[in-house]
Structure formats: structure tokens, C-alpha cells
Novice: 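Got a structure here, written out as C-alpha cells. Questions coming.
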Number of protein chains: 2
Amino acid sequence: MATNRDVARLAGVSPATVSRVLNDSGYVAPDVRDRVQRAIAELNYVPNRLARGLRKQRFAQIACVLPSIRNPFYHEILLGIQEAGLARGYTFSLFHRIAKKEEYLKVILGGFYDGIIFLSPFEVEKVYNIAEIGEVLPTVVYDDRGHPFSVPHVYVNLRETMYTNVTKLIEQGHRGILFLGYEFAVETDNPRYLGYMDAMREHGLKVLPEYLQFIADFDDTLSVGYKRMTTVLQQRIPFTAVAASNDLLAIGAMRALQQAGVRIPEDVSVVGVDDIEMARLVTPALSTARVPKRQIGTRLMELLLGTICGDEVTSSTIEVRTSYVERESTGPSATGTQLTQASHASAGVDAMDRTEKMRGA
Amino acid sequence: MATNRDVARLAGVSPATVSRVLNDSGYVAPDVRDRVQRAIAELNYVPNRLARGLRKQRFAQIACVLPSIRNPFYHEILLGIQEAGLARGYTFSLFHRIAKKEEYLKVILGGFYDGIIFLSPFEVEKVYNIAEIGEVLPTVVYDDRGHPFSVPHVYVNLRETMYTNVTKLIEQGHRGILFLGYEFAVETDNPRYLGYMDAMREHGLKVLPEYLQFIADFDDTLSVGYKRMTTVLQQRIPFTAVAASNDLLAIGAMRALQQAGVRIPEDVSVVGVDDIEMARLVTPALSTARVPKRQIGTRLMELLLGTICGDEVTSSTIEVRTSYVERESTGPSATGTQLTQASHASAGVDAMDRTEKMRGA
DNA sequence: CTCCGATGTGAAATCGAAACCACACCGGAC
DNA sequence: GTCCGGTGTGGTTTCGATTTCACATCGGAG
């Protein structure tokens, strides 16, 4: 690889002048600039980002920390982030569950990154204090828990979103509505759960304990929803609708239901959250809440660039809004409960065996 | 951020000794080692990767170049890559279509990366010569075209895979089999197409021009398959099976078929390639060819590490094998053609309207 | 007792670019 | 004619780590 010096030698100038041409700083005579540029082209010179980064204390690289690379929800956010960042020459590194939690932040703080973007950092927060990280390195967060953050923060009110989803089901006559979602250490960390409870309470509906299907271990596999719903079906819980915490869970649940012969939405309605593209491609198409993923990404990057450049640590919060999208997986509740129960009965024993195996694994 | 010097000062030694402790190189007295380690802990010192990289000419960072971040197929490969790499402290940057082709390789070659992994680099090759890149920087490739590569290379014979898929359909009595896939500049770049043609020819089946559904513009959206199949349905092409080039296309196609009232597999069989997790979660579950994605990833990383460490450029090729997975989306061909045609007719106008809308968006 | 290799440590050079400082030239204002 | 700010360029230092070289000490072999 050619260096600064090589170019300088070839152009008959000093390395300082080469640097000036490259960075468009200071005064350079037109003919000299030309000579340098020709030399750069001839040697195929690309400045070494490490050296530049070391000197500038700016590396044009951003770390994105996210729970899972498998959830398409995050892809769209990432695309938004990159769109906003690549134009300015930023590159991106991804860190997700596979990286050992105790290790990767050491790596990140090791001076390789201009900033960090945390997407849904609930896992991260078990180990690290984001406020502290924010003091060392420009940091922004996407989160749905409504926590106050000391760093800039994009927020989507999923409590409200879930409330709307469940209310739509209730309005269609559903009473036995399952909550399907992840379990958090603290109730207040679970806006989707809270929204579900809000809606049920407000409409005077009883929440049976069996309705609350919390998935404890974080498993970023696409089939967690399927596994859980398969278990649920063996337990003969009477329900006519499922309010899932995200589309992947909903799609998995739909699969389990359909496999057991339950018709959607005739017997059971299913609703999700996120509106990933796959939601439109499954049959029946999934009713869900649209979250402006792309927009979240660009907003995050804008916030981060703001923090990196303008040195003020403005602890701004941007809220984005969701909208309910009705498709085919929801419908009025008929005599749903009975039908569902019947189906369970026929699939009972087989299904039981399968679940026991899954639990063991 | 604390530096080398700070630690040295606190421990009462020279920076050279700190470095020795950190890298476990040379001789260090046990008590001194202890003092240094305490100082490191106290200052919360993390070595600056840029400085280290600059000096060592090794940066412990890998660039992954892939066509799309949206296709789950690549996620599993990425997980395999990272699994094999993170243990040794490597971090990863992702580059995909969103990055301007002309730009990103400049970035990559700018000395930030120890190596490049190209996943399905057909797009890349239009602009760059991978052999040349391989001479500058350790490079490995995953590809399915059976091209000879001058760099280490993981290969999966998708021509054979597609041949098997189509043969299975033929054995089930299908004759009118659609090929749904991407269009490449050159025929030989399209192993899936070639495998399809092999199977059809070998069984003496005629390939009507309408059977070949090439998607020209690369569009990494999940619904390309849906869009194309919607168009196909309006054209009343007689067919009883669809051999898609990957699972996403297959899932999209299934959606279009189901939306038009076509039953799968009773009226039309659909088969994919990749075996992404979603293939098991759609209804009916998708028959497909399992590609060992995780394994491809680990193999790639092993090859790359080999190239980075052992300086020999062993142009090794590793071939991984696929296996056919029969699920629910395929079945014997009945009087399929008639049924399908009938369905088209009844759904014709509606489908048309919907498609037009999608196009507009 | 001397010599030598193993052990242990520090000063200084180095990686490649950017920033800082110094200097030189030129034209116009006073 | 002198002074001064704008223009243009080069030498040197710096970023933070590793690495090389040089040097000191020590124990055992000859």
C-alpha cells in the first residue's frame, strides 16, 4: 500500500502538502494540487484510516448493539441508520447476542468507534450503565420502555400500541385474549404487557393467569412463538385471540394454530407488533401495528451525528408513532371458544409428546 | 481514556513493560506483572485498537460484503462467521447494497480490515476483480456459481440442488413447472436456472418461455416473489408447480397463490432453496433444500484465518452439500392445471387491482 | 574468577496521517 | 520604504501502542 510519503515523493512535495490536498485544508497552489492528485491516482493511494483516526481522534465508524440479527425489525432500522451515515463516510459494526456481553464493550470502548447506537438495550443494561457509557462516548438509544435516558433517545410508545391492538380485539367481541411476549425482570420494563393489561382492565375483562404467556429465556430463533403456542394448545386454555408482542411471535403462533387445525381468524384472531414485511406474506396476512422502522434508524443516526459534532449532550427524546394495520388474521369472535377447544382435544396426545421433548432440549 | 503511559506511570514502569504484560511477550518479573495488572484494573485501561493496529499492521476486524441484509439466509452464515471469529477478538463490519459500490471498497482497502469475506459477490464482480483484491488483502468467497476463484472459496452446488428439487416435482407428476429466480448477465452465472433446465431436459419436458420467470432488477425486498407471482397469475400460464430460487421468493409466491384462491399443494406445488427458519413457519410449511448456512460461515472464517495467519495463499475450495427437505408445500400433481386456471379466472380482477396499487407504492 | 546465556527493563524508533509552527514570498496600505 | 496580512510550503511533533536495541543483573559452567 502506498503511503503519504510515497505520494509526496512522487509529486515532489512534502507529506504535509499531500495531507492538505486530501483534506482540503490550508492553502495549496492549483498546479501543486494537480500534481498531487495525479500522484494519488497513479499510486492508487488510499489514506490509512487507522493512522488518520489515531491522529484525528475520529474514526468514522459506529457500533450498533442490538439483541438479535435475526429479527427483520432491526434490519429496517439498521438500513435507516446506514442510509443516514454512509453518505458521510461512516462504516458500521454490528454487535449482538453472540458477542459475549462482558467482552464486547471493552472492544467498543477501545477507541475504534465514534459512537454507539443501542437498539432495545434491555439486555445490555443488566451488565452496563448506559449513562456511564454515554459520558465516555457519544451514545444514542432506541427503546420502547419509556425510561428516562441521559442520552439522546428515540422512543416508541408500545404500551399505547399494545393497548390499541388489544382494544381492537375486544371491540370485535373477543374476551379470552392471550398475551404472548417476553418476560422482563420488572413489570415496568414490559410496555407491551402493560398495554395489554390496560386494555383488559379498562374493558372490565378478567385476565386469567393462563392468558399470560411469558417467554423467559431470550431466544432469538424465529420459532419461539411456535413452540410456546404449541404448548399452550395442549393446555386447553379457552381463548379466541392472541395479542403477540411482535410479528415473529405472532407468525410462529399462527403456524402452531394452523397446524393444530385452528382456523384464523374464524376460530382465533392473531395480532402482532412491528409490521415486518413478512407480516404481509403469510396467509392469512397478519394484522399488526406499524412501527416506522426506517424513520427510527435515520432519527437515531441524526441524533448521534448531533452528539458527535455539536459537543453539547442534549438529552433529547424523539417519539415516533405507530398505527394499527388491519389485515386478515383478525376478525369478529364467533363461538370461537368452543371450536378451539374441540380442535385441541383432537390434537392433544401427539402435541403433548412433542412439547415434553422441546422442554427437555 | 487512560493510556499506556498512564498505566506505566502508576505502576512505576516503562510503557514497554506495560505492553509486555498486555501481550504476554518477553520477560516480565512476576511482581512487576502484578503491579502493572493492578494499575490496568485501577485505571480501567483498555488499549487503543487504532494505535495497536497501526503498529501491528493487524486490526482484528473483518469486512463482510453481502448482497442483502434482509435475507435470513445470510444471517445464519454471518452468525457462523462471527462465532468462529469473535473468540479470537475479531469484530465485523457489514457492507451491503446500500453502500455505494464504487465507494465501499475504497473504505475497505483503506487499511481498516484484516480480511474480506464476500458472500455471493456476483454484484461486486461487475465492478471489481476479486482476484486483484485478494492480492492486496486476505479474501475468501462464498459462491454457488462453480466459478474458479483465485482465493479460498466455499462452494455449494446449487445446480445439482435445483436439479433435485425439480426432479422431485417431476416424480410427483408435475409437468408445467415454473422457474422463479433472478436474472444474471450470463447463463452460466445462474446455477439454479441451469439445474432447472437439466431436470426438465433430462425428463423430456418442454420448457415454455413463460415458465422462465426471471426477476431482473435486484430488489432485496421480501415481496419480490409475491409481486412476480401476482403478475404471472394474470397471464393464465398453465402450471402446477413452482421451483423458486430461494425460500423468500417461494414464500412470496405462495402468498400470491393463496391470495388468488389457489390451494397449495393441491392445485400448485411450491419448492424453495435455503431452508430458512421461516420456511417451517409458513402454512403450508415449505418444501425446500437445506443449505448448511452455519457451517458455511464457520468454514469461511476458518479459511480466512488461515489466509491471514499462514501466509500461503492456498486457493482451496470447500464444497458443502445440500439436502432436500419435504414438507407440506409439495404434493402429487392431480388435474392441477385445470383447477389453477379456474382459480385465476375467478380472482383475476381483484388481483389486478391490488397489484397496481403495490406497484404504485 | 571469568564468561555467557537467560532474565528483566527502559529509551527510542516506528506505524501513517494530521496538526502545529516556522518561514518565505507577494502585493497593497501608509 | 516599511509593515502587514494573505498565500503557499516544509519540517517537526503528535496520536498510542508495539518493537527493536541496548543495557543491567544473576546464576552456573568452565
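So you know, we letter chains A, B, ... as the sequences are listed, proteins then strands, and number each from 1.
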Novice: Phosphate oxygens OP1/OP2 of dG16(D): is one of them under 4.0 Å from a side-chain N or O of Q57(A)?
Specialist: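 Checking Q57(A) against dG16(D): at least one side-chain N or O falls below 4.0 Å of OP1 or OP2.
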Novice: Kindly indicate whether the side chain of R49(B) and the base of dG16(D) share any N or O donor-acceptor pair separated by less than 3.5 Å?
Specialist: no
Novice: Considering only dT18(D), dG16(C), dG8(C), which nucleotide approaches the side chain of A29(B) most closely?
Specialist: dG8(C)
Novice: Applying a 4.0 Å non-hydrogen cut-off, can you work out what V32(B) is touching in the nucleic acid: base, sugar-phosphate, or nothing?
Specialist: sugar-phosphate
Novice: CZ of F112(A) versus C1' of dC15(D): gap in Å, rounded?
Specialist: 15 Å
Novice: Hydrogens and angles aside, do Y45(A) and T3(A) bring a side-chain donor and acceptor to less than 3.5 Å of each other?
Specialist: no
Novice: Using whole Å, report how far CZ of R58(B) lies from P of dT14(C).
Specialist: 22 Å
Novice: Given the structure, check if the side chain of R55(A) and the base of dA18(C) hold any donor-acceptor pair shorter than 3.5 Å.
Specialist: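 When only heavy-atom distances are counted, R55(A) does reach the base of dA18(C) through a donor-acceptor pair under 3.5 Å.
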Novice: Looking across every strand, which nucleic acid part, if any, lies under 4.0 Å from S19(B) by heavy atom: base, sugar-phosphate, or nothing?
Specialist: base
Novice: Side-chain N or O of S14(B) versus OP1/OP2 of dT9(C): is the shortest distance under 4.0 Å?
Specialist: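 False: S14(B) side-chain N/O out of range (4.0 Å or more) of dT9(C) OP1/OP2.
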Novice: OP1 or OP2 of dA17(D) sitting under 4.0 Å from any side-chain N/O of Y45(B)?
Specialist: yes
Novice: Should D24(A) and R33(A) count as an ion pair when the cut-off is N to O under 4.0 Å?
Specialist: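 Result for this pair is yes, salt bridge flagged.
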Novice: Between R145(B) and E125(B), is the closest basic N to carboxylate O distance under 4.0 Å?
Specialist: yes
Novice: From C-beta outward on A16(B), which listed nucleotide comes closest to its side chain: dG10(C), dG10(D), dG16(D)?
Specialist: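 Nearest nucleotide to the side chain: dG10(C).
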Novice: Remember a base hit wins even if backbone is also touched, and classify V13(B) as base, sugar-phosphate or nothing at under 4.0 Å, heavy atoms.
Specialist: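 It contacts sugar-phosphate atoms only.
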Novice: Does dA17(C) have its OP1 or OP2 closer than 4.0 Å to a side-chain nitrogen or oxygen of N48(A)?
Specialist: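 Checking dA17(C) against N48(A), no side-chain N or O comes under 4.0 Å of OP1 or OP2.
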Novice: Mind listing the closest non-hydrogen atom pair of G80(A) and T298(A) along with its distance?
Specialist: O-CG2, 3.4 Å
Novice: Reading DNA chain D from 5' onward, which residue's closest nucleotide shows up sooner: R5(A) or V28(A)?
Specialist: V28(A)
Novice: Rounding to an integer number of Å, can you tell me how far L50(A) CG sits from dA17(C) P?
Specialist: 10 Å
Novice: For dG8(D), take OP1 and OP2 only and decide whether either is under 4.0 Å from a side-chain N or O of Y27(A).
Specialist: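 For dG8(D), neither OP1 nor OP2 has a side-chain N or O of Y27(A) closer than 4.0 Å.
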Novice: Using a cut-off of less than 4.0 Å, is there contact between a side-chain N or O of N4(A) and OP1 or OP2 of dA18(C)?
Specialist: no
Novice: Taking for each residue the nucleotide of DNA chain C with the nearest heavy atom, is it A51(B) or D31(B) whose nucleotide lies nearer the 5' end?
Specialist: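 Between the two, 5'-proximity favours D31(B).
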